[in-house]
Structures are given as C-alpha cells and as structure tokens.
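One structure below.
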Amino acid sequence: MPTIFSRIIAGEIPSVRIYEDSVCIVILDIAPMAKGHCLVIPRECWPTVAECPAEAFAHLMEVVRKVDARLRAVLGADATNIMINNGPAAGQEVPHLHIHVIPRMLDDGLRMKIVKQTYGPGEMQQFGQRLAM
C-alpha cells in the first residue's frame, strides 16, 4: 500500500523538493517545527532503520550532512535537530523511513522536552550486560 511519501516521490502529491538523487529526495516538511524543516526520504519504502540496507542508510546520512550544512549556510542555523522516529511507539506516523533535519537558532524558543529517567541500584549494570554486543 502506498504511503504519503511514496505518493510524493511519484509526483502524485505536490511538495517543495530541495534535493533529489537516485536513492532519496529531500523536501520541506508541510508542518514544520521550524521554517526550513526538511525530510530526507528514501525512494524505496523501508518502514524502519532495521529494514533499510546499510549502504542506503549510509547514503541517507551523507545527504543529512549536506542538508545540515545548507541550513547553516543559507538560514544561519546555529544547530540542527536530526531525528528518526523509528516505529510507531517512537512517534513514527508514516511507515516509510524518513529523517527530520530541523534548523535551530539559539533564541528560537523551541523546546523539545524529553523526560529523563533514572536507573535503580544495579539496574544500569544489568541493562549494560543485557545489551552488550
């Protein structure tokens, strides 16, 4: 079933494209967190990072670096947020991998609130042992 991104890639839904190549497109987000908020979207529909081949993912990240540099050079961004909502539990709304690149200014007033947790006694070591590769 086509996603909104596959329909954008096919030209069925209009978008403002700022870059494209054989692997991906970069568009402006229609509901940006900040003006200039970009989405790096692979042409192939992989739902999450796990399904995306390593070579394609590396290419996407290289494009993210270029977008980051462009946002800094053209918009004067002091920084960027680079985010992947990797699955529905992480807030992914479209089951087609995409990377947000959001320009940030020191005084933009935007706040992304992440609530931090703490580990109980010995719990951090237990997680470390379970997750060791």
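On a predicted model such as this, the values are computed, not experimentally measured, just so you know. In what follows, residues are counted from 1 in the order of the sequence shown.
- Taking every heavy atom of both residues into account, P103 and A77 meet most closely at CB-CB, 4.0 Å.
- Between H100 and H98, the ring centre distance stays below 6.0 Å.
- The cluster map of Ile, Leu, Val, Met, Phe, Trp and Tyr, joined by side-chain heavy atoms under 4.5 Å apart, puts L71 and I18 in the same cluster.
- Across R43 and E20, no two heavy atoms sit closer than the pair NH2-OE1, 2.8 Å.
- In the hydrophobic clustering of ILVMFWY residues, with side-chain heavy atoms under 4.5 Å counting as a link, V74 and I82 come out together.
- Legend: ring-ring contact (aromatic ring centres under 6.0 Å, His included) pairs involving residues 108-133, not counting sequence neighbours, sorted by first then second residue: Y119-F127.
- Here the side chain of Q92 pairs a donor or acceptor atom with the backbone of G87 at under 3.5 angstrom.
- Separation of atoms OG1 (T80) and NE2 (H37) is listed at 11.0 Å; rounding is to 0.5 Å.
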Inset, instruction - Apply side chain to side chain contact (heavy atoms under 4.5 Å, CB included) to the pair V67 and C38, showing each step before the final yes or no. - result: CA-CA 8 Å; V67 172; C38 295; 3.9 Å; yes

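- Residues I25 and V94 are members of one and the same hydrophobic cluster, defined by side-chain heavy-atom contacts under 4.5 angstrom among Ile, Leu, Val, Met, Phe, Trp and Tyr.
- Between the OG atom in S15 and the CG atom in L28 there is a gap of 8.5 Å [rounded to 0.5 Å].
- Inter-residue side-chain proximity for I102 and M112 is flagged as met; some heavy-atom pair is nearer than 4.5 Å.
- Judged by distance alone, the side chain of T3 and the main-chain N or O of F5 form a donor-acceptor pair under 3.5 Å.
- The shortest heavy-atom contact between L75 and M105 is O-CE, 3.1 Å.
- In R104, the CZ atom is crowded: over 12 heavy atoms of neighbouring residues, nucleotides or ligands sit closer than 6.0 Å.
- D78 places a side-chain N or O within 3.5 Å of a backbone atom of L106 that can act as its donor or acceptor partner.
- The line from OG of S22 to CD of E44 is 11.5 Å long, rounded to the nearest 0.5 Å.
- Contact of the P47 side chain with the L97 side chain is not registered, since no non-hydrogen atoms from C-beta on lie closer than 4.5 Å.
- Considering only heavy atoms from C-beta on, I27 stays 4.5 Å or farther from V40 through its side chain.
- Residues P95 and E93 share a closest heavy-atom pair of CD-O, 4.0 Å.
- Using a 4.5 Å heavy-atom cutoff, the side chains of F57 and V23 are not in contact.
- For the pair V63/Y19, a side-chain contact is recorded, criterion being any heavy-atom separation below 4.5 Å from C-beta on.
- Between L60 and I99 there is a side-chain heavy-atom pair separated by less than 4.5 Å.
- Under the rule for a side chain to side chain donor-acceptor pair (under 3.5 Å), the partners of E12 that lie at least two apart in sequence or sit in another chain are R7.
- Of the residues R70, R72, K66, the one that meets the salt bridge (charged side-chain N to carboxylate O under 4.0 Å, His left out) test with D68 is R72.
- One N or O on the side chain of R17 and one on the backbone of I9 form a donor-acceptor pair closer than 3.5 Å.
- Listed for the E51 side chain is a donor-acceptor partner under 3.5 Å among the backbone atoms of T48.
- With no hydrogens or angles considered, a side-chain donor-acceptor pair links D21 and H59 at under 3.5 Å.
- Put simply, I41 and I4 are part of the same group of oily side chains (I, L, V, M, F, W, Y) that touch within less than 4.5 Å, one to the next.
- Atom CD1 of I13 has more than 12 heavy atoms from other residues, nucleotides or ligands within 6.0 Å.
- Residues L39 and V26 have side chains not in contact (no heavy-atom distance under 4.5 Å, counting atoms from C-beta outward).
- Note on M33: it does not cluster hydrophobically with I30, by side-chain heavy-atom contacts below 4.5 Å among ILVMFWY residues.
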